[in-house]
Amino acid sequence: MKYREILQILSACELGALLVAEDSTILEVNEAGRRLLHGEEKLEGQKLQELAPYLWEEDKTPLYTCLAFGEYLLRTPAPSAEDLPAGCRLLVFRKATKDAQYDMLLSVLNQISESVILCDAENRIWLLNDATVKMDSIVTQDVIGEPIMDVYRPQDNKELLVPQAIAEKRPSLNVRQYYSTRYGKNVDIVASSYPVVQNGQILGGFSIMEDWSTVDSLHKQIIDLQEKLMDRSSDGKNKNRSALSAKYHFSDIISISTVMGSIIAQCRQVAKTNSSVMIYGETGTGKELFAQSIHNASRRAKGPFLAINCAAIPENLLESLLFGTEKGAYTGAERRAGLFEQASGGTLLLDEINSMNINLQSKLLRVLQDGVVRRVGGASEIQVDVRVLSNINIPPYQAIAENKLRQDLFYRLGVVNINVPPLRERKEDIPLLAKHFIMQCNKKLVRNVADIDEGTLEAFQAYSWPGNVRELQHAIEHAMNILPDDACMITQAYLPQHIYEAPTLPVSGLPAAPPTGASLDNTIKGIERSTIVKVLREHNGNISESARVLKMSRQNLQYRIKRYKIDIPALIRENKDEK
């Protein structure tokens, strides 16, 4: 088709179009383009680079062009023409005022502390702000377009608030509701829900929510503060020693994976007892997060929480820190209570217990057995009531075999064993973790970054994350430190180089029998691919249904489909042929 015909057709579709030379000189413009560019004067001969530079920019992601207050234009792909003059090209653009307003309003919504969810008239989720993502631990891309009833399930025998507001066409204010997400997160909220009605037509509904557990926590803090003020003596000194406290709770653990949900459920149950717990996990998996959460969910939550890194302190100093000292025990020693005494009535976390000297481990064992401690240089025994949690970054039986952990001490410390999986074994959590760290860094660095792009997510999913969640956090912070001020999306260009250049193994389909010398990793991936293909075929290529059966997020399934080069249209055709 000739370019002049294209100009006319595009104009009829309310799309502006320009024929421009290499130096950005406008040679021809269609009628829609003249209107959109406010071309009362002759546009031909003017430089587009001067008139609307963002329309001229070719190598960048299309940007909004503002020519008048509240009016925005946006570049769109241009069709091919048969007779374009040499050195010229077609530029096509459209009015994008609504798009720009949407992006600005979404940016505003993402900065407020209240959670907002918006649905269309069919109760399909249309928008979630960042506060909702944080409160519900949901990846936005996994639920957009899904019926709200498939994502949230009320636990109080009441209807969900947004569908009720849509059905009844009237708001409901300050209603408390308890629900769970399909990923297993339980949430307690107070919400106000409103229908969206335009000219008598119901367009949808939205809910503004506040996490009641946060409000409840603030109430408790106020009560605690009042108690502390009441406990002060007339001379203004506090009668009771203020205890150190753990700041993390189970609600702070960011995850949607099944394996992490199971571990959190175990830890919640364990928190009800006083048994010793050993938490094993690689460096950076968040072991102390679990330890603090166990303390805060236990009957000892009002007692002190103390932690000590056994790898960071020399043996002689570690002993005195743990057990305390009497004056004169050694040169310069003062009478001082140890961590066991200070933590009495609460919890003591021994981090990297495998780094503690074997001789000191035997002294620790006696304290655990008898519940008494003797200060260094002291003669009397002091009764203590402490729950001991411990962390270890290598498998416990490996530590025992390498003589880094006494076997009898392991049986005392590891009454309950919790294994926190590395990030590479729960990659479905990566999008949610990345979003969480972006929100954290936005506050810390005073930025307004929205998310990571698809290429970055693919790089994250392909990487093995030897540093686990901590490495992911640092990668996000690294990117946001060097991201230009006008950028709102993290791309691969701003990641640490080793992440996007990490080699990945090619994966083929599942062989009938593993060939000699085939790696276990490739065989497992082959099994995974075969399982995904089978489920997709059974559900005729429906990604949402297949993701539910496979118990993974839609985004994670889509990543694997792309990774394993699974041709969904071909699967659908095969199903039709079989019928």
Side-chain angles (χ1 to χ4, degrees), residues 184 246 248-255 257-301 305-311 322 339-340 343 346-358 360-371 385-426 429 465-470:
Y248 294 114
H249 298 74
F250 287 117
S251 59
D252 296 313
I253 300 175
I254 308 299
S255 172
S257 61
T258 304
V259 61
M260 286 293 283
S262 176
I263 292 169
I264 291 171
Q266 289 178 18
C267 289
R268 286 184 186 276
Q269 187 65 31
V270 167
K272 299 175 183 178
T273 73
N274 277 320
S275 298
S276 298
V277 180
M278 180 174 283
I279 304 170
Y280 158 63
E282 295 178 7
T283 300
T285 51
K287 298 184 292 295
E288 185 164 346
L289 201 66
F290 278 92
Q292 292 193 23
S293 299
I294 289 172
H295 169 79
N296 278 328
S298 72
R299 290 188 294 269
R300 296 174 175 266
F305 177 89
L306 298 172
I308 186 168
N309 188 329
C310 301
L322 286 172
L339 293 179
F340 272 97
T347 305
L348 176 62
L349 171 63
L350 302 175
D351 198 9
E352 295 192 43
I353 186 66
N354 52 302
S355 298
M356 182 184 289
N357 183 278
I358 290 291
L360 185 54
Q361 288 185 24
S362 63
K363 298 178 181 179
L364 176 62
L365 180 63
R366 185 171 180 274
V367 176
L368 297 174
Q369 288 173 335
D370 302 334
D385 172 26
V386 179
R387 183 182 194 179
V388 178
L389 307 180
S390 56
N391 287 347
I392 188 168
N393 55 15
I394 61 174
Y397 287 103
Q398 178 186 334
I400 293 170
E402 295 175 356
N403 201 33
K404 294 180 179 178
L405 180 67
R406 288 177 60 111
Q407 191 168 16
D408 49 2
L409 180 61
F410 168 65
Y411 293 140
R412 281 285 178 182
L413 290 176
V415 174
V416 178
N417 287 280
I418 301 295
N419 187 353
V420 183
L423 186 56
R424 62 181 173 274
E425 293 179 8
R426 52 183 185 102
D429 287 337
W465 298 107
N468 293 294
V469 178
R470 186 179 298 136

Go through the steps to decide whether Ile264 and Phe290 satisfy the test side-chain contact (heavy atoms from CB on, under 4.5 Å), and finish with yes or no.
CA-CA 8 Å; Ile264 291 171; Phe290 278 92; 4.0 Å; yes
Residue pair [X] / [Y]: nearest heavy atoms and the distance that separates them:
| X | Y | value |
| --- | --- | --- |
| Ala291 | Leu389 | O-CD1, 3.5 Å |
| Val270 | Arg387 | O-NH2, 3.0 Å |
| Pro422 | Thr285 | CA-CG2, 3.9 Å |
| Gly346 | Arg300 | O-NH1, 3.0 Å |

Please test Ile279 against Asn417 for side-chain contact (heavy atoms from CB on, under 4.5 Å), starting from the C-alpha separation and ending with a verdict.
CA-CA 6 Å; Ile279 304 170; Asn417 287 280; over 6 Å; no
Any chance the side chains of Ser257 and Asp429 put a donor and an acceptor closer than 3.5 Å?
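On atom types as modelled, these side chains qualify, holding a pair under 3.5 Å.
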With side-chain contact (heavy atoms from CB on, under 4.5 Å) as the criterion, how do Ile358 and Lys404 come out once you've worked through the C-alpha distance, each side chain's angles and the decisive distance to 0.1 Å?
CA-CA 7 Å; Ile358 290 291; Lys404 294 180 179 178; 5.9 Å; no
Between Ser262 (side chain only) and Thr258 (backbone N and O only), is there a donor and an acceptor less than 3.5 Å apart?
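Not at all, since once roles are kept as given, no pair shorter than 3.5 Å links the two residues.
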Say you draw a straight line from [atom1] of [X] to [atom2] of [Y]; how long is it, rounded to the nearest 0.5 Å?
| X | Y | atom1 | atom2 | answer |
| --- | --- | --- | --- | --- |
| Asn274 | Thr347 | CG | OG1 | 8.5 Å |
| Asn419 | Ile392 | CG | CD1 | 11.0 Å |
| Cys310 | Gln361 | SG | CD | 8.5 Å |

Flag the pair Glu282 and Arg424 as a salt bridge only when some basic side-chain nitrogen lies within less than 4.0 angstrom of an acidic carboxylate oxygen.
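Between Arg424 and Glu282 there is a salt bridge, with a charged N closer than 4.0 Å to a carboxylate O.
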Other residues, nucleotides and ligands only: do more than 12 of their heavy atoms fall within 6.0 Å of OH on Tyr248?
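Atom OH in Tyr248 is not crowded, with 12 or fewer foreign heavy atoms closer than 6.0 Å.
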Show your working on side-chain contact (heavy atoms from CB on, under 4.5 Å) between Leu349 and Leu306 and close with a plain yes or no.
CA-CA 6 Å; Leu349 171 63; Leu306 298 172; over 6 Å; no
In terms of ring plane angle, is the pair His295 and Phe305 parallel, tilted or perpendicular, where the classes change at 30° and 60°?
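It falls in the tilted class, 30° to 60°.
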